[in-house]
There are 2 protein chains.
Amino acid sequence: MGEQLTIGELASRTGVAASALRYWEELGLLPAPARVSGQRRYPPSAVGLVGVVVLLRDVGFTLREIKAFIASRSPTGEGWRELYQRKLAELDQRIAQAQVARTAIAHGFACPHKDIFECSNFANGVAAILAGCSLEEAHSQVHSH
Amino acid sequence: MGEQLTIGELASRTGVAASALRYWEELGLLPAPARVSGQRRYPPSAVGLVGVVVLLRDVGFTLREIKAFIASRSPTGEGWRELYQRKLAELDQRIAQAQVARTAIAHGFACPHKDIFECSNFANGVAAILAGCSLEEAHSQVHSH
DNA sequence: CAACGGCTTCAAGTATGCTTGAAGTCAATG
DNA sequence: CATTGACTTCAAGCATACTTGAAGCCGTTG
């Protein structure tokens, strides 16, 4: 049937330290699994759940946010749509910022300016971020090398 | 001429707390600015520099990494290419992960499964992350709702 | 000239996300 | 039956990134 995993097996399959898994459980991020003579036994589905946590953590969400996110699925059914929407918007912003950063760095890589901070492309990208990523393309005339 | 900014002005222009600016200076992230009767006076260019730090911090780099990045531009001229390349690769990975997360969450938003963890699309995205984002498109046949 | 706002330093505190160590339990193995 | 290895709890420690508080200096203003 469903093969139960020890915490060590779950750790090695997900790349997350066993101590971290216990910590996550303590925080309520992971449900307390079944026990066999005191030891945790996880269902195979736990791998996916841990994966979700890793995924969200790696893209910048705090464990509290992830907990709220995970806890919001299915149960009362209300509230999760707003939460998903917010998370989605946050992710979109993160992606946009990362792309601006990527562009700025990539530009700096090929840019002839001795000091990258003297390059208007770089500065424009930074300024856009500082301005709250608002839609000001008008004055950001990019020079091409 | 060049209007010098007090730490408070720099803080309000960049959205970074004055205490954080002092902390960054202490870490060597920002150069120690000129002083007028003990108080810091920043050149206008400091806004851009702080912007770079904010940009890189927000996309997930640690202050140490940012310090190394900033310190590497122009001077001896060697080493910065490797660093830029690495940062670029890291950014690409972050962007890719964020997009996977975005897709997974967006899918969950529209997905009819009661529990999103039962949805194969979601699980595939997670599995891809766990697998180290390797190129396994072959078996990830996405169902369409 | 006294008070005020904004700056200064320095030390200590806070939040997040863990890791590490001590001491013990348990099942299997030689 | 004693040892081994993986697990257990609990408390304490650590790294990162700041914030907060105390005590004080400086320039302007009423």
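Values reported hereafter were calculated over all heavy atoms of this structure, with side chains retained and with hydrogens, waters and symmetry mates removed. Each chain gets a letter, A, B and so on, in the order the sequences are listed, and its residues count up from 1.
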Separation of B:Trp24 atom CH2 from D:dC18 atom C1', in whole Å?
10 Å
Residues forming a salt bridge (Lys or Arg N to Asp or Glu O under 4.0 Å) with A:Glu25, sequence neighbours excluded
A:Arg35, A:Arg40
Distance under 6.0 Å and angle within 45° of the ring axis: does A:Arg86 meet both against A:Phe69?
no
From CG of B:Leu30 over to P of D:dC18, roughly how many Å is that when rounded to an integer?
11 Å
Atom CD of A:Glu9 and atom C1' of D:dC7: how far apart are they, to the nearest Å?
12 Å
From CG of B:Asp58 across to C1' of D:dT16 the rounded distance in Å is 15 Å
In this structure, how many angstroms lie between the C1' atom of D:dT16 and the NZ atom of B:Lys67, rounded?
14 Å
Within this structure, what is the CG-to-P distance between B:Leu10 and C:dT8, rounded to whole angstrom?
11 Å
Side chain to side chain contact (heavy atoms under 4.5 Å, CB included) against A:Pro43, all qualifying residues, sequence neighbours excluded
A:Gln4, A:Ser45, A:Ala46
Residues passing the salt bridge (Lys or Arg N to Asp or Glu O under 4.0 Å) test with A:Arg41, sequence neighbours excluded, are none
For a side chain to side chain contact (heavy atoms under 4.5 Å, CB included) with A:Val53, tell me which candidate from A:Ile70, A:Asp58, A:Val16, A:Thr14 qualifies.
A:Ile70
Round to a whole Å and report the spacing from CD1 of A:Ile7 to P of C:dC18.
13 Å
Which residues share a salt bridge (Lys or Arg N to Asp or Glu O under 4.0 Å) with A:Arg57, sequence neighbours left out:
none
Which letters describe nucleotides 19-26 of chain C, given B = protein heavy atom under 4.0 Å from base, S = only from sugar-phosphate, - = neither?
BB-----S
Quick one: B:Glu65 CD to D:dA17 P, roughly how many Å, whole number?
9 Å
Between B:Arg35 and A:Leu27, who's closer to the 5' end of DNA chain C by nearest nucleotide?
B:Arg35
Could you check which of D:dC7, C:dT8, D:dT8 has an atom nearest any side-chain atom of A:Arg40?
D:dT8
Of the nucleotides C:dT8, D:dT8, C:dC7, which has the atom closest to the A:Arg22 side chain?
D:dT8
Out of D:dC18, C:dC7, C:dT16, which nucleotide sits closest to the side chain of A:Arg64?
C:dT16
Just to verify, what does B:Glu9 make a side chain to side chain contact (heavy atoms under 4.5 Å, CB included) with, not counting sequence neighbours?
B:Leu5, B:Thr6
